[in-house]
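Numbers here are sequence positions counted from 1. None of the values given here were measured: they were computed from a predicted structure.
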Amino acid sequence: MKSLKEYNDTMAQSSTAAETLCDFKTLRLYIYCLVILLTCCLTSCGIYSFSGASIPAEAKTVSVQYFPNNAQLVNPLLSNTITNALNDMFVNQTTLQSVAQNGDLALEGEITGYNTAPIAITGNQTAAMNRLTVTVNVRFTNKYDESKNFEQSFSQYQDYPSGQDLSAVQDILVEQIVEDLCQDIFNKAVVNW
């Protein structure tokens with residue numbers, strides 16, 4: 001059996017451990033509340049998102065018009081793919097709502113290039129690698145800050161072995177190219193790096 005002194009010491013240690021645990025839980029609760037408060041303040045102001053986007057507080061909508069394919073070589077799915085991916089990026093990485101036309105931020109443009117060319121020539125003058133390049137011309141309008149408006153051409157590419165037929169790898173290449181293009185356009189439009 002424990003003596004009364006041992007019992008009191010054990011209870012004192014338990015009490016100290018319980019107080020420490022309570023203090024830790026309280027600290028966690030304070031930190032959690034602070035994070036929630038900061039998140040609400042930063043995102044509700046409409047001037048910051050966790051993607052790094054800097055958007056005027058008044059801006060509530062974005063419109064992305066259909067990007068027609070004016071390239072000499074036409075991929076029939078590319079127009080829809082670029083238009084949808086660009087719209088999704090703005091909606092998913094900002095607090096903006098998508099509208100069909102006349103958004104506070106508006107993007108329009110066209111696909112101007114879709115081509116493949118050899119890039120790595122071997123010793124016997126044959127191509128070891130080919131490069132698929134997609135170019136789009138984009139016009140961006142910011143209703144609340146005209147200094148951010150621009151018209152610019154964006155281009156991205158992916159390389160693939162010359163032994164592979166383009167039709168076999170085209171979908172994977174286009175997916176990565178479109179992702180890179182949309183990121184470039186998004187950064188130019190709303191991320192001030």
Side-chain angles (χ1 to χ4, degrees), residues 32-117 119 131-159 170-193:
Y32 178 76
C33 290
L34 182 61
V35 167
I36 296 296
L37 180 64
L38 286 173
T39 302
C40 290
C41 288
L42 291 174
T43 57
S44 68
C45 293
I47 58 172
Y48 183 80
S49 75
F50 288 107
S51 66
S54 177
I55 299 170
E58 305 86 3
K60 304 294 182 215
T61 60
V62 62
S63 59
V64 178
Q65 299 304 304
Y66 182 76
F67 276 64
N69 197 335
N70 297 337
Q72 288 183 343
L73 180 61
V74 174
N75 176 329
L77 303 176
L78 191 56
S79 290
N80 280 335
T81 303
I82 287 178
T83 304
N84 293 336
L86 197 53
N87 188 67
D88 290 347
M89 181 166 280
F90 273 85
V91 169
N92 293 335
Q93 294 191 22
T94 68
T95 58
L96 299 171
Q97 299 295 314
S98 178
V99 294
Q101 295 180 24
N102 302 321
D104 297 332
L105 305 183
L107 293 113
E108 61 180 305
E110 53 279 334
I111 300 163
T112 57
Y114 185 89
N115 61 340
T116 185
I119 57 158
R131 176 170 289 171
L132 175 63
T133 304
V134 177
T135 305
V136 294
N137 186 57
V138 177
R139 290 172 296 283
F140 173 75
T141 307
N142 183 329
K143 188 185 290 187
Y144 297 105
D145 187 356
E146 291 184 5
S147 70
K148 303 292 185 192
N149 296 354
F150 67 84
E151 180 169 359
Q152 181 177 328
S153 183
F154 294 86
S155 191
Q156 282 289 340
Y157 64 86
Q158 287 289 310
D159 299 336
Q170 182 172 239
D171 291 345
I172 295 168
L173 299 175
V174 166
E175 181 180 333
Q176 186 60 53
I177 290 170
V178 168
E179 183 179 322
D180 293 344
L181 280 170
C182 289
Q183 190 65 58
D184 288 350
I185 296 165
F186 181 84
N187 288 346
K188 173 71 175 172
V190 296
V191 178
N192 301 315
W193 288 349

Open item on the list: Strictly by ring-ring contact (aromatic ring centres under 6.0 Å, His included), give each pair with a member in residues 88-117 just once, sequence neighbours left out.
Closed with: F90-F186
Open item on the list: Taking side-chain hydrogen bond (donor to acceptor under 3.5 Å, both in side chains) as the criterion, tell me which of T133, T135, D184 meets it with Q156.
Closed with: D184
Open item on the list: Would you compute the distance between atom CG of L181 and atom CZ of F67 and round it to the nearest 0.5 angstrom?
Closed with: 9.5 Å
TODO: To the nearest 0.5 angstrom, please state how far the OG atom of S155 sits from the CD1 atom of I177.
DONE: 8.5 Å
Task: Candidate list D159, T116, N115, test side-chain hydrogen bond (donor to acceptor under 3.5 Å, both in side chains), partner R131, passing option - done: D159
Open item on the list: Are there over 12 heavy-atom neighbours, none belonging to E175, within less than 6.0 Å of that residue's CD?
Closed with: no
- [ ] Quick one: closest heavy-atom pair of T83 and Q65, and the distance?
- [x] CG2-O, 3.8 Å
Open item on the list: Around atom CD of E151, are there more than 12 heavy atoms from other residues, nucleotides or ligands closer than 6.0 Å?
Closed with: yes
Open item on the list: For Q93 versus Q183, what's the shortest heavy-atom pair and its separation?
Closed with: NE2-OE1, 4.3 Å
Task: Nearest heavy atoms of D145 and N142, plus distance in Å - done: N-OD1, 3.1 Å
Task: Closest non-hydrogen atom pair between S79 and P68, with its separation - done: OG-C, 3.6 Å
Task: Heavy-atom closest contact (V62 atom, L107 atom, distance) - done: CG2-CD1, 4.1 Å
TODO: With rounding to the nearest 0.5 Å, note down the distance linking OG in S63 to CG in N102.
DONE: 6.5 Å
TODO: Would you verify whether the NZ or CZ of K188 falls within 45 degrees of the ring axis of F150 while also being under 6.0 Å from that six-membered ring's centre?
DONE: yes
TODO: Find out whether V174 and L78 are in side-chain contact, i.e. whether some heavy atom of one side chain is under 4.5 Å from a heavy atom of the other.
DONE: yes
Open item on the list: When you compare the side chain of I111 with that of V136, does any pair of heavy atoms fall below 4.5 Å?
Closed with: yes
Task: Option passing side chain to side chain contact (heavy atoms under 4.5 Å, CB included) with N84 (candidates T81, N80, L86, I82) - done: N80
Task: Close side-chain approach of Y157 to D180, heavy-atom, < 4.5 Å - done: no
Task: Sidechain N-carboxylate O distance under 4.0 Å for D104, K60 - done: no
- [ ] Look up atom CD1 in I55 and atom CG in L96, then write down how far apart they are to the nearest 0.5 Å.
- [x] 4.5 Å
Task: Atom CD1 of I172 with >12 non-hydrogen neighbours under 6.0 angstrom - done: no
- [ ] Compare every heavy atom of N137 with every heavy atom of Q152, then report the nearest pair and how far apart it is.
- [x] O-OD1, 3.5 Å
